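Single-structure report; data block below.
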Amino acid sequence: QVQMAESGGGSVESGGSLRLSCAVSGATHKNYPVGWFRQAPGNEREGLAIINENGTLTYARSAKDRFWISQDKAKKMVYLQMNSLKPEDTAMYYCAADWELTLFSQPPFGYWGHGTQVTVSS
């Protein structure tokens with residue numbers, strides 16, 4: 001069993017930055033692809049970024065050029081650096097891991113955290 005725990009969310013003004021963290025624990029495997037997702041009230045969950053076992057980065061259109069995903073396997077941590085934040089970025093952000101993780105992955109498949117809230121004001 002793998003546990004994911006997000007942190008680093010908060011309230012920021014438009015144009016600000018945040019760095020989200022995800023601590024991975026339990027029976028983890030270093031080769032698991034990991035990613036970040038978000039869901040706003042009334043919206044579907046959307047994938048933002050994935051870093052695969054070979055280091056390949058995949059970004060959604062909504063995240064490209066502003067967000068950056070990274071991983072520290074030794075510390076079992078996954079990060080999402082978010083810059084130039086906009087009000088439309090307001091959502092609950094989740095980290096996930098799965099052997100076949102894609103930007104379209106959804107629970108119950110894979111391992112998911114409970115989320116960290118990000119609120120961007122105008």
Side-chain angles (χ1 to χ4, degrees):
Q1 186 175 347
V2 176
Q3 294 83 43
M4 318 287 288
E6 305 92 339
S7 63
S11 181
V12 299
E13 295 182 352
S14 180
S17 299
L18 281 175
R19 190 193 193 201
L20 306 183
S21 299
C22 175
V24 184
S25 62
T28 60
H29 196 292
K30 294 183 179 180
N31 291 329
Y32 279 169
V34 296
W36 284 93
F37 300 73
R38 71 183 181 187
Q39 186 169 23
N43 291 12
E44 296 181 349
R45 184 171 302 204
E46 63 172 332
L48 297 172
I50 292 174
I51 180 168
N52 292 317
E53 59 273 13
N54 63 357
T56 299
L57 306 178
T58 301
Y59 291 97
R61 181 179 179 181
S62 59
K64 190 171 296 184
D65 299 325
R66 296 189 298 122
F67 295 2
W68 179 56
I69 186 172
S70 62
Q71 178 181 17
D72 187 331
K73 291 185 176 181
K75 297 181 179 180
K76 295 185 177 181
M77 297 290 293
V78 186
Y79 307 99
L80 183 68
Q81 179 67 46
M82 305 188 295
N83 300 321
S84 301
L85 286 166
K86 307 173 182 179
E88 50 263 44
D89 293 319
T90 296
M92 185 72 73
Y93 284 70
Y94 303 86
C95 61
D98 195 1
W99 280 111
E100 298 182 336
L101 190 70
T102 74
L103 293 175
F104 305 99
S105 293
Q106 293 182 339
F109 303 104
Y111 304 99
W112 297 79
H114 290 104
T116 184
Q117 180 67 41
V118 172
T119 301
V120 185
S121 61
S122 300

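Keep in mind it's a predicted model, so treat the numbers as computed, not measured.
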- With a cut-off of 6.0 Å (strictly less than), are more than 12 heavy atoms of other residues, nucleotides or ligands near CD of E44? no
- Message: Apply side-chain contact (heavy atoms from CB on, under 4.5 Å) to residues S25 and K76 and explain how you reach the verdict.
- Response: CA-CA 7 Å; S25 62; K76 295 185 177 181; over 6 Å; no
- List the steps, then state whether side-chain contact (heavy atoms from CB on, under 4.5 Å) holds for V24 with V2. CA-CA 7 Å; V24 184; V2 176; 3.8 Å; yes
Side chain to side chain, [X] and [Y], heavy atoms closer than 4.5 Å:
| X | Y | value |
| --- | --- | --- |
| M92 | R45 | no |
| H114 | Y94 | no |
| S62 | R38 | yes |
| L20 | V118 | yes |
| D65 | Y59 | no |
| L101 | F37 | yes |
| L80 | Y93 | yes |
| S70 | I51 | no |

- Message: Would you say the ring centers of F67 and W36 fall short of 6.0 Å from each other?
- Response: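 No, too far apart.
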Closest heavy-atom contact between [X] and [Y]?
| X | Y | result |
| --- | --- | --- |
| E6 | G115 | OE1-N, 2.8 Å |
| S17 | Q81 | CB-NE2, 4.0 Å |
| R66 | S84 | NH1-O, 3.0 Å |
| P33 | E53 | CG-OE1, 3.1 Å |
| M77 | S21 | CE-CB, 3.8 Å |

Any donor and acceptor pair, going by atom type alone, linking the side chain of [X] with main-chain N or O of [Y] inside 3.5 Å?
| X | Y | answer |
| --- | --- | --- |
| T90 | V120 | yes |
| D72 | K75 | yes |
| T116 | S7 | no |

- Go through C95 and V78 one step at a time and tell me if the side-chain contact (heavy atoms from CB on, under 4.5 Å) criterion holds. CA-CA 8 Å; C95 61; V78 186; 5.5 Å; no
- Message: Assigning hydrophobic clusters by single linkage (Ile, Leu, Val, Met, Phe, Trp, Tyr; side-chain heavy-atom cutoff under 4.5 Å), is W99 placed with W112?
- Response: no
- Are L48 and V12 co-members of a hydrophobic cluster defined by side-chain heavy atoms under 4.5 Å apart?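 Shared cluster, yes.
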- Using the side-chain contact (heavy atoms from CB on, under 4.5 Å) rule, take L57 and I50 through it: C-alpha gap first, then chi angles, then the decisive distance, then the call. CA-CA 6 Å; L57 306 178; I50 292 174; over 6 Å; no
- Item | Cationic tip of R19 above W68 ring, under 6.0 Å, 45° of axis |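 No; the conditions do not both hold, so R19 does not lie above the ring face of W68.
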- Task: Rounded to the nearest 0.5 Å, what's the gap from CG on N52 to CG on N54? Could you check?
- Result: 5.5 Å
